[in-house]
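Structure first, commentary second.
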Amino acid sequence: MKKILIADDDRSILTLLSYHFRQNDFEVTTVDDGKKAFEKARKNPFDLILLDLMMPEYSGIEVTQMLRKVGNFTPILILTAREDDEMKLTGLSAGSDEYLDKSTPMKEIMVRAAALIRRNQMYNPVPASSFEDPKLEKEQTLVTKHLVIDFVKKEVHLDGNQLDFTKREFEILELLAQRRGSIISREELLKHFWGISDAAETRTIDVLISKIRKKLDNRYIKTKRGFGYYFEENEA
């Protein structure tokens, strides 16, 4: 069952949203101010977070900014009663994934919410707990127009030439390739491979990524500024 956190200080709207999401098989958690929303989202996993723009304690935009700063990249949909294009741009710039007016039909809100969840693994960093997904073992080789990665033989070929990777360089490339489309933060990579998530040590990841990129002719490994790294397999 999908989990959603809904934050709104208007009890009637909170009740309405809760009803419709429960009718669509969501497990719903509700709060009535921004501070509670931040604490709930920081401590509990959700598939989607729905925030009112104007709330006591913290606004929807402030909650979004705070969550992104602590590495929470759960899809966020902000609802507002204000028709303000500038505010919409501010919300999206803060890290929200969707921004809708409260007059939007409920059916459309549900469709947008479902779309955000579907796109999550393509847009947000993968939680560390999901790195060990057994489905990853099913993929043995990644083949693109110019690149071949053999996950069994631990070999990488670019334009027909075999590349020389260290064990850790290959492991990082392998993880990014198998999670292609997903953005993985430096802190998550540190925790996965070294068991630490100290921001002061993220330079280690940057150096390794730089070496991997150089060997791949600066292709495939991309950066989402402020978020992390991802593997892009599309080629010209």
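Residues forming a side chain to side chain contact (heavy atoms under 4.5 Å, CB included) with Lys43 (at least two apart in sequence, or on another chain): Glu39. By the side chain to side chain contact (heavy atoms under 4.5 Å, CB included) test, Asp33 is found to be paired with Lys35, Lys36, Pro56, Glu57, residues two or more places apart in sequence or in another chain being considered. In this structure, Lys107 has no salt bridge (charged side-chain N to carboxylate O under 4.0 Å, His left out) partners at least two apart in sequence or on a different chain. Judged as a side chain to side chain donor-acceptor pair (under 3.5 Å), and not counting sequence neighbours, the contacts of Glu108 are Arg112. Here Ala41 pairs with Leu5, Ile49, Leu67, Asn72 under the side chain to side chain contact (heavy atoms under 4.5 Å, CB included) rule; sequence neighbours left out. Applying the salt bridge (charged side-chain N to carboxylate O under 4.0 Å, His left out) criterion to Glu174, with sequence neighbours excluded, gives Lys154. Looking at residues two or more places apart in sequence or on another chain, you find a ring pair (Phe, Tyr, Trp, His ring centres under 6.0 Å) between Phe26 and Phe21. Residues forming a side chain to side chain contact (heavy atoms under 4.5 Å, CB included) with Ser210 (at least two apart in sequence, or on another chain): none.
In this structure the side chain of His20 never reaches within 4.5 angstrom of the side chain of Ile109, judged on heavy atoms. Here the side chains of Tyr230 and Lys222 are in contact, with some heavy-atom distance below 4.5 Å. The shortest distance between side-chain heavy atoms of Ile6 and Ile13 does not fall below 4.5 Å. Side-chain atoms of Val28 and Leu17, non-hydrogen and from C-beta on, never get closer than 4.5 Å to each other. For the pair Val152/Thr141, no side-chain contact is recorded, criterion being any heavy-atom separation below 4.5 Å from C-beta on. For the pair Glu187 and Leu190, the minimum side-chain heavy-atom distance is 4.5 Å or more. At a threshold of 4.5 Å between non-hydrogen side-chain atoms, the residues Phe231 and Leu173 count as touching. No side-chain heavy atom of Ile149 sits under 4.5 Å from any side-chain heavy atom of Tyr220.
Within 6.0 Å of the CG atom in Asp164, the count of heavy atoms belonging to other residues, nucleotides or ligands does not exceed 12.
Evaluation of the salt bridge (charged side-chain N to carboxylate O under 4.0 Å, His left out) test over residues 5-27, restricted to residues two or more places apart or in two chains, returns Asp8-Lys102. Among residues at least two apart or in separate chains, salt bridge (charged side-chain N to carboxylate O under 4.0 Å, His left out) pairs with a member in residues 207-218 are Glu169-Lys215, Asp217-Arg219.
Distance check, rounded to the nearest 0.5 Å: CG of Leu176 to CD1 of Ile221 gives 5.0 Å. With rounding to the nearest 0.5 angstrom, the OG1 atom of Thr74 is 13.0 Å from the CG atom of Leu77. If you take NZ on Lys2 and CZ on Phe46, they are separated by 15.0 Å, rounding to the nearest 0.5 Å. Between the CD1 atom in Ile172 and the CD1 atom in Ile209 there is a gap of 5.5 Å [rounded to 0.5 Å]. For the atom pair CD (Glu155) and CZ (Phe165), the distance works out to 12.0 Å, reported to the nearest 0.5 Å. Atom OG1 of Thr30 is separated from atom CD1 of Ile4 by 11.0 Å, given to the nearest 0.5 angstrom.
No side-chain donor-acceptor contact under 3.5 Å links Asp52 to the backbone of Met55.
Clustering of Ile, Leu, Val, Met, Phe, Trp and Tyr side chains at separations under 4.5 Å places Val148 together with Val143.
Grouping the Ile, Leu, Val, Met, Phe, Trp and Tyr side chains by contacts below 4.5 angstrom, directly or via other members, places Leu50 with Met106.
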